[in-house]
Amino acid sequence: MRQSTAAASKLKSNDQQLSCVTNRIVAWYQGSPKKTANSKIVRSNGIDRSKDESELPASSRWRKISTGKWGPWQRTELTNPRTRSALTQKSRQIHLPRGGTVTIYPGLLSKTQRATLSQELLSSNLFRQYEIQGMPEPRVHFLLHEQATDEPEAPQPGYRYGSVRMKACPLRGLPKLCRLSKIVGKRAGVESWNIGVNPVFYRDGKDRIGAHADDDQGESCILSVIVASPIPLRRLLIQPKPTKIVDRTVLGTKQKGNKRLKLKTGNGDIVDDGVDEQHELRLGPGDAYCMDGEMQEHYVHSLPPDEHSKGSVEGRRIIVVFRSGTQKVFKKDSGKPCNLAALEPRPDLCFTFGNEIKDLREGDIYGGRQLRAMNAHRSTQRSVSGNKVMGCDAITVSRDREDDTFVRFSFAAETRVGGGSMLTSLQKGYPVRVFRTSALHNKYKAVAKKSGPKSKSNVYRYDGLYHIESAVEELGDKVNDVSLGLSNMINRKSEIIFRLCRSSENSVSSMRLLRRIVIERMTHSKVTSNNDLRKNCPKKIIVN
DNA sequence: TCCCCTATTGGTACTTTCTT
DNA sequence: AAGAAAGTACCAATAGGGGA
C-alpha cells in the first residue's frame with residue numbers, strides 16, 4: 001500500500017517535472033530571438049552571416065583537390081521549381097552539380113504551430129536514445145507510422161541504419177503531427193510517409209549528426225521540418241559522398257585514406273573531377289527542406305556541432321523528418337526510453353586520475369561500455385584516454401609485448417594517438433589506470449566471466465595504477481630519450497615506447513592481485529576474502 | 001608589414017558492432 | 001570472414017587579431 005502511494009506520488013512529480021521542462025522549452029521557444037539583431041557571426045572565411053539570416057541562406061564553396069585550398073563561400077543560386085502550384089509557390093530549389101535536388105519551403109509553420117508541435121513532441125514521452133559505433137548517438141529521436149499499432153510486442157513498420165533499429169509507434173497518438181504529416185505529404189507530392197515520421201531532438205549545440213546519406217531503405221523523398229532552432233541558426237552541411245576505391249598515391253597526392261572524392265560515370269567507370277564542393281543551408285524555425293533520392297546517391301549531409309550553443313538549453317533544435325521509400329517491418333527496437341535527465345544537454349566528461357572510481361576494483365572484469373559509464377576510460381576507439389594538456393588517465397593494453405611481466409611492460413604509441421598525453425603524465429608523475437584486454441594472446445589476457453552474457457566484444461580487466469618510468473622515440477636505428485620535456489620536438493609519426501611499472505599506490509600488491517586473477521580464471525568465480533586466496537592459490541603460478 | 005599568440009578547422013586513427 | 005560505420009576527439013595547419 002505504502003509502496004503504491006509512493007509510486008503514485010513519484011509519477012505525479014515526474015509529470016510535474018515534465019510539464020516544467022516542456023513549459024520552459026516552449027517559453028524559450030516563443031520568446032523573441034533577441035540575439036539575432038545584434039549578433040554578428042563572422043566566420044574564418046570572412047563572410048558576415050548575420051546579413052543572410054533574414055533571407056534564404058544557402059551558400060556553397062569549391063576547391064581543387066590538387067591545390068587543397070577552399071574558395072570563398074558564395075551565395076547559392078536558388079531556382080523556382082519547374083512545377084508551379086499553389087502548394088509550391090514559395091518554394092525554391094538547389095540543383096546540386098553531381099545530381100539531386102534540395103527543395104526549400106520557407107515559413108511552412110507559424111509561430112503558434114511550432115509552439116504547439118514542440119509541446120506535443122516533448123510531452124509525448126517517446127524520445128529514445130540509440131547507440132551507434134559503441135556510443136550513444138549525440139541526439140535523441142523516435143519513429144511514428146500511420147500503420148503502427150498500439151501493441152508493443154507486435155512487429156511494426158520501422159527504420160534501420162547501422163546498428164540502430166527503430167520500431168514505430170502509432171502516428172495518430174500525436175494528432176498535431178499527424179495533421180502536419182498530411183499537409184507536407186501533399187506539398188511534396190508524397191502519398192504516404194511509408195518509412196515513417198521521425199522527430200529528432202538535438203539537446204544543445206554539442207548534439208549533432210555526422211555525414212551520412214539517407215539511403216538505407218531506398219529513400220526517394222526525405223522532408224525535414226524545423227520545429228525549433230537556436231539563433232544563430234545551425235548549418236546543414238552537404239558534401240559529395242566519399243567513394244570506396246581510392247589510391248591517392250597514384251593520383252600524386254601524399255594523403256592516404258579513402259576520403260578522396262570520385263564519381264561513377266554511367267558505364268560504371270570511376271572518374272575524378274578533382275573538385276570538392278560544400279554547400280550550407282541555414283534554415284530557421286518553421287522552414288522545411290526536402291532532399292530527393294538522387295541526392296542521396298551523390299551526397300552526404302550532416303549537422304556539425306555548434307560551439308555557440310554548447311551546453312545551453314537555448315541550443316535546442318527540434319526537427320521532424322518525413323521519409324518515403326521501402327517500407328520494412330521490425331520486431332525489436334534497439335533504443336532505450338529517455339528519462340527527463342536525458343532530455344537536458346549532456347554534461348561534459350571530466351578526468352579522474354588514480355584509483356578513486358566508484359565500483360572500480362583491481363582484478364575485476366568490465367565491458368567497454370561500463371568503463372565509459374564509470375569514466376574509468378573515456379575513449380571508445382583508442383587505447384589511450386586523455387589529452388596532451390591534462391595527461392593520460394587510462395590506457396587499455398590490447399597488443400602483445402614480449403616484455404610484459406605484469407609488474408612492468410612497455411607500450412608503444414605515436415603522439416597522434418595519445419603518446420602526447422602519456423608524455424604529459426610522465427612529466428607530471430601522474431598514475432595511469434591500466435586495463436588488459438581479452439584481445440591479448442599472452443598469459444595476462446583478460447578472460448570474460450563464465451556467467452556473463454555471451455558476446456563477441458572484448459572485455460577489460462583493471463590491473464591497477466601504473467607509473468610511466470621512461471619514454472624513448474624510435475627513429476630507424478636511432479633511439480631518442482624523450483622523457484624530459486621534448487614533446488614538441490617529436491615527429492608525430494614516430495612511435496614512442498613507454499615503460500610502465502605497477503605503482504605502489506595500489507590497494508592490492510602486484511603478487512596478490514596476480515594470484516587472484518589466476519584463481520578467478522581457474523574457478524570462474526569471484527575471490528572475495530584472504531581465506532579464499534590462501535585456500536585456492538596454487539603453490540606455483542602458471543598462467544596460460 | 002611582420003611577428004606572435006589564439007581560435008578554428010580539416011584530416012585522421014581508433015574499436016566495437018553489425019551486416020553481407 | 002571481411003568490411004563498413006548517422007562517432008569521437010586529438011592535433012597540425014591555417015586563419016585572424018593585435019601590437020610593435
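All of these numbers come straight from a predicted model, not from anything done at the bench. Throughout, a chain's letter reflects where its sequence line sits, starting with A, and its residues are numbered from 1.
Partner of A/E131 under the salt bridge (charged side-chain N to carboxylate O under 4.0 Å, His left out) criterion, out of A/R369, A/R372, A/K336: A/R369 alone.
Geometrically, A/R139 does not engage A/Y202 in a cation-pi contact defined by less than 6.0 Å to the ring centre and at most 45° from the axis. Cation-pi geometry between A/R378 and A/F351 is met: the NZ or CZ atom falls under 6.0 Å from the ring centre, inside 45° of the normal. A cation-pi contact, defined as under 6.0 Å to the ring centre and within 45° of the axis, is absent between A/R433 and A/F353.
In this structure, A/G367 reaches neither bases nor backbone, as no heavy-atom distance under 4.0 Å exists between it and the strands shown.
Taking the nucleotide of DNA chain B with the nearest heavy atom to each of A/Q278 and A/G368, the more 5' of the two is matched to A/Q278.
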Identify each atom pair where a protein N or O and an N or O of nucleotides 6-8 of chain C are less than 3.5 Å apart, giving names and distance.
unit_1 : atom_1 : unit_2 : atom_2 : d
C/dA6  : N6     : A/Y159 : OH     : 2.5
C/dG7  : OP1    : A/G210 : N      : 3.3
C/dG7  : OP2    : A/G210 : N      : 3.3
C/dG7  : N7     : A/Q133 : NE2    : 3.2
C/dG7  : N1     : A/Q381 : OE1    : 3.3
C/dG7  : N2     : A/Q381 : OE1    : 2.8
C/dT8  : OP2    : A/R208 : NH2    : 2.6

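At whole-Å resolution of the value, CD1 in A/I496 and P in C/dC11 are 10 Å apart. The nearest whole Å value for the distance from the CZ atom in A/R165 to the C1' atom in B/dT19 is 9 Å. Between A/R372 atom CZ and C/dA9 atom P there is a gap of 11 Å when expressed in whole angstrom units. We find that CD of A/E414 is positioned 9 Å from P of B/dA13, with the value rounded to whole Å. Between A/F411 atom CZ and B/dC14 atom P there is a gap of 11 Å when expressed in whole angstrom units. For A/L237 and B/dT9, the CG to P distance is 11 Å, given to the nearest whole Å. In this entry the distance linking CE of A/M390 with C1' of C/dA9 reads 15 Å, nearest Å. Counting to the nearest Å, the C1' atom of B/dT9 and the CZ atom of A/R61 are 9 Å from each other.
Using cut-offs of 30° and 60° for the angle between ring planes, the A/H141 and A/Y161 rings count as tilted. Ring planes of A/Y462 and A/F435: tilted class, angle from 30 to 60°. Ring geometry, A/W62 versus A/H279: the interplanar angle exceeds 60°, so the pair is classed perpendicular (tilted spans 30 to 60°).
Across every non-hydrogen atom of A/V227 and A/S118, the tightest pair is CG1-OG, 3.5 Å.
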query = In dot-bracket, 5' to 3', how would DNA chain B read with Watson-Crick or G-U wobble pairs under 3.5 Å, [ ] for crossing ones and | for pairs to another strand?
reply = ||||||||||||||.|||||
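The side chain of A/K206 places no N or O atom within less than 4.0 Å of a non-bridging phosphate oxygen (OP1 or OP2) of C/dA9.
Every salt bridge (Lys or Arg N to Asp or Glu O under 4.0 Å) that A/D215 has, sequence neighbours left out, goes to A/K241.
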